[in-house]
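Let me begin by presenting the structure, written as structure tokens, before commenting on it.
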2 protein chains.
Amino acid sequence: MAASTLTEVARLAGVSPATASRVLNGSARKPGPGVSERVRQAAEALGYIPNAQAQALAKSSSGLVGLIVHDIADPYFSAIARGVQDVAREQHKMVLLATTGGTPADEKEAVAAFAARRADAIVIAGSRSSRPEDAQGNAELAAELDRYCRNGGHVGVVGQAIVGAGPLDGYHLVEVPNEELAAELAAKLAASHPGDFVIIGGPEGLITSDDRVRGFQSGLAAAGRPAAEVLRASFNRAGGYDAGLALAERLRTAREAEPVNEGAQPGLCIFAANDVMAIGATAALRAEGFRIPRDALIAGFDDIETLRDFRPGLSTVRLPLEEIGRLATLSTVGSGPGATEGHHDDGPAVTGQVTLRRSTEWTA
Amino acid sequence: MAASTLTEVARLAGVSPATASRVLNGSARKPGPGVSERVRQAAEALGYIPNAQAQALAKSSSGLVGLIVHDIADPYFSAIARGVQDVAREQHKMVLLATTGGTPADEKEAVAAFAARRADAIVIAGSRSSRPEDAQGNAELAAELDRYCRNGGHVGVVGQAIVGAGPLDGYHLVEVPNEELAAELAAKLAASHPGDFVIIGGPEGLITSDDRVRGFQSGLAAAGRPAAEVLRASFNRAGGYDAGLALAERLRTAREAEPVNEGAQPGLCIFAANDVMAIGATAALRAEGFRIPRDALIAGFDDIETLRDFRPGLSTVRLPLEEIGRLATLSTVGSGPGATEGHHDDGPAVTGQVTLRRSTEWTA
DNA sequence: ATGCAGTGGGAACGCGCTTTCCCAACGCTC
DNA sequence: GAGCGTTGGGAAAGCGCGTTCCCACTGCAT
């Protein structure tokens, strides 16, 4: 038994397919009440489910919104995904998921797949890359998005503009003030920590990471501090762990050089470009016998929900991730506020909040 | 400029749409090399993207797999989602996401939506409910799934069978031995903890939670211990926190009754039905001035990745969440191993691993 | 009674693609 | 060179639905 079709329903109700269509999907023209009732009963009896593919084909609107993330299991992305999913639900749309690991080539492919499915909108979360080796991939991605927009699609980008994507109708940006917030974090940390700073950044060219690193540096500079050394590692927990091991080694030699003065304020404050890296670094330092915040201070970025109960409480910058997902989706798909018109709009303002917790709080 | 169509490509290449179709999607019949080249160039020139909707309509196979979860931001589900996404990608399919909060009515709706989109397969993660008030919802969900299967759909269920879903072709189950593993955990804990046990369970009727609670009790019984009291709370961090507050109160009165004997082994071991509840409970106990494992032991379930760096290390049962997602998807969509045939199959075996860490380790 | 606007319903086309069926041209054997 | 099987390509019929256009019929004014 294949799924029953509109024609079958119409036949059972003794009407034409046109009429059946009219009653079953609220067209402009309302058939008479008697007919409507017959059709509805027939549909019920047959367990009729309209074929969304056919509907989409006929109306050329699919009710789909595509979501592109690096990794859905990453709490950063899953939080955004929740926001996207929320709005999609409100708007009676379904979300189509693609994970790309941040590879522009894969992202291009995902955009093409969404375009093929005639998704009404595409939301791209996850940092762009500005690495030279990604330049071509980015260009292709931009071209693909251009085409998608030109064909009437809407795209919402979280974070920063697609490198090379031109100002186009239907292209929306939810800007995250990574740089400013990182600067603010640096300023606050500089106020209470007189010692050195070290930054654990993601791979060079990952724009979100670069922005945060740059912001942190400029915050330090504004506070009259020397620039911090930057360690590069992969933008996840494992990367943080690796960097943490390196830092542990460094702490050890420093401790040997300058014999232990118990109770002294730790000489090092670490800033990791995101929370999971911070957690990884913390784990590494602990594994090497150091304690936070006794032996080193550490701060992250994002304020991942699952990590809020971490001990010591991780100093970080709270980002309204779910809201960011909501806004990005609304800007593309919504018709109400947030669906700002026009070229390459900057979308509604997102702001974060520096949140200092125990991990950077030195107490004698 | 609307997206270009196959017909346009064909015209530009000077061939019929049929031929264009044959070259652009690897049909059984291969046109001559000269023609193929012309068509391919035409497609390239026009930036042709096949309309997946139309393809799906014509072939009646959409290349979609639907995923139903309670909440995509919950690390339990996002880990599973990663597995699902993984094999979908391997199989050149896209995943369609629906979040339902566990409400059977919403799940039924999601299934209908997937059916409407003619998804090739549906994966349902997230616990079923056996509550009486959900009985009708469950029945409707089962009916919807039945219909979907009868129309040739495949469904993969994570955890436990849908209440009321009949044995059907295309209905696959990835069983998670919650009960056995909980019993094993209880046995190991009972071996080192002579005191009382308390269980923080999810709402009664949530099958996953019920299974774990029951398993834990039977493990205690097998070890000759009395049954543990069961506290009910919502199946998330907030629920764990609430329960934790209640337990803190209890610890406080106990401490007053029996004056502090420093260094004594804690009298209470808490088992929370999942990790995030355990974390919530821990947070509450800490907020009330208690320490883990000094004042109480605690264990969870799932071994959520993000929580592995938690301190003290949370004793738990490791579940291969990503693998579970993979298996569930493979069983429905794969053609290789894992795609077991036949009625209501029990699928490949999933197993977990009791993992004891500091949170249940009492050291004087 | 004839004209008109207005209404409820059906016929038919198109959405973009796949696939079956059919036809022309080719190479081969006897 | 007639008959045959084989190949490469086109024509056309759907897939299931939305929608436009058209027709028959009603109720009203002329």
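Each chain gets a letter, A, B and so on, in the order the sequences are listed, and its residues count up from 1.
- Between His172(B) atom NE2 and Thr329(B) atom OG1 the span is 11.5 Å, to the nearest 0.5 Å.
- With sequence neighbours excluded, the residues forming a salt bridge (Lys or Arg N to Asp or Glu O under 4.0 Å) with Arg89(A) are Asp106(B), listed by chain and number.
- Residues forming a side chain to side chain contact (heavy atoms under 4.5 Å, CB included) with Ala113(A) (at least two apart in sequence, or on another chain): Met94(B).
- A distance-only check finds a donor-acceptor pair linking the side chain of Ser4(B) to the backbone of Leu46(B) [under 3.5 Å].
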Taking only N/O atoms, report every protein-nucleotides 25-27 of chain C pair under 3.5 Å with atom names and distance.
none

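- A salt bridge (Lys or Arg N to Asp or Glu O under 4.0 Å) check over residues 90-99 of chain B, counting only residues at least two apart or in different chains, returns the pairs Glu90(B)-Arg326(B), Lys93(B)-Asp120(B).
- Every side chain to side chain contact (heavy atoms under 4.5 Å, CB included) that Thr19(A) has, sequence neighbours left out, goes to Val15(A), Ser16(A), Arg22(A), Pro31(A), Val35(A).
- With contacts defined as side-chain heavy-atom distances shorter than 4.5 Å, the pair Val157(B)/Tyr171(B) qualifies.
- For the pair Leu141(A)/Arg128(A), a side-chain contact is recorded, criterion being any heavy-atom separation below 4.5 Å from C-beta on.
- For the atom pair CD of Glu322(A) and CD1 of Ile80(A), the computed distance is 10.5 Å after rounding to the nearest 0.5 Å.
- The CD atom of Glu8(A) sits 15 Å away from the P atom of dG14(D) (whole-angstrom rounding).
- Minimum interatomic distance between Gly14(A) and Arg38(A) (heavy atoms only, all atoms of both residues): O-NH2, 4.0 Å.
- DNA chain C is contacted by Val15(A), Ser16(A), Ala18(A), Thr19(A), Arg22(A) of residues 14-23 of chain A, taking any non-hydrogen atom closer than 4.0 Å.
- Atom CG of Leu6(A) is separated from atom P of dG18(D) by 6 Å (rounded to the nearest Å).
- Here Arg147(A) pairs with Glu144(A) in a salt bridge; the nearest charged N to carboxylate O distance falls below 4.0 Å.
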Let me check something: any side-chain donor-acceptor pairs from residues 61-73 of chain B under 3.5 Å, sequence neighbours excluded? List them with distances.
{"unit_1": "Ser62(B)", "atom_1": "OG", "unit_2": "Leu64(B)", "atom_2": "N", "d": "3.3"}
{"unit_1": "Ser62(B)", "atom_1": "OG", "unit_2": "Arg118(B)", "atom_2": "O", "d": "2.5"}
{"unit_1": "His70(B)", "atom_1": "NE2", "unit_2": "Ser127(B)", "atom_2": "O", "d": "3.3"}
{"unit_1": "Asp71(B)", "atom_1": "OD1", "unit_2": "Arg82(A)", "atom_2": "NE", "d": "3.1"}
{"unit_1": "Asp71(B)", "atom_1": "OD1", "unit_2": "Ala73(B)", "atom_2": "N", "d": "2.9"}
{"unit_1": "Asp71(B)", "atom_1": "OD2", "unit_2": "Arg82(A)", "atom_2": "NH2", "d": "2.6"}

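- From Gln85(A), atom CD reaches atom CG of Leu97(B) across 4.5 Å, with rounding to the nearest 0.5 Å.
- Near DNA chain C, meaning a heavy atom under 4.0 Å from it, residues 112-122 of chain B has no residue at all.
- A heavy atom closer than 4.0 Å to some atom of DNA chain C occurs in Leu57(A), Ala58(A), these being the qualifying members of residues 48-59 of chain A.
- Looking only at distances, a side-chain donor or acceptor of Tyr148(B) sits under 3.5 Å from a matching main-chain atom of Ala119(B).
- Side-chain atoms of Ser21(A) do not come within 3.5 Å of backbone N or O of Pro17(A) as any donor-acceptor pair.
- Side-chain atoms of Thr5(A) come within 3.5 Å of backbone N or O of Thr7(A) as a donor-acceptor pair.
- Atom CG in Leu46(B) sits roughly 13 Å away from atom P in dG16(C) (whole-Å rounding).
- For the helix from dA1(C)-dT30(D) to dC30(C)-dG1(D), the end axes, each set by the C1' atoms of five terminal pairs, are bent relative to each other by 70° (nearest 10°).
- A heavy atom lying under 4.0 Å from DNA chain C marks none of the residues of residues 35-42 of chain B.
- Checked by atom type and distance alone, the side chain of Ser129(A) never pairs as donor or acceptor with a backbone atom of Asp134(A) at under 3.5 Å.
- Applying the side chain to side chain contact (heavy atoms under 4.5 Å, CB included) rule to Glu37(A) yields the partners Arg40(A), Gln41(A); only residues at least two apart in sequence or on another chain are considered.
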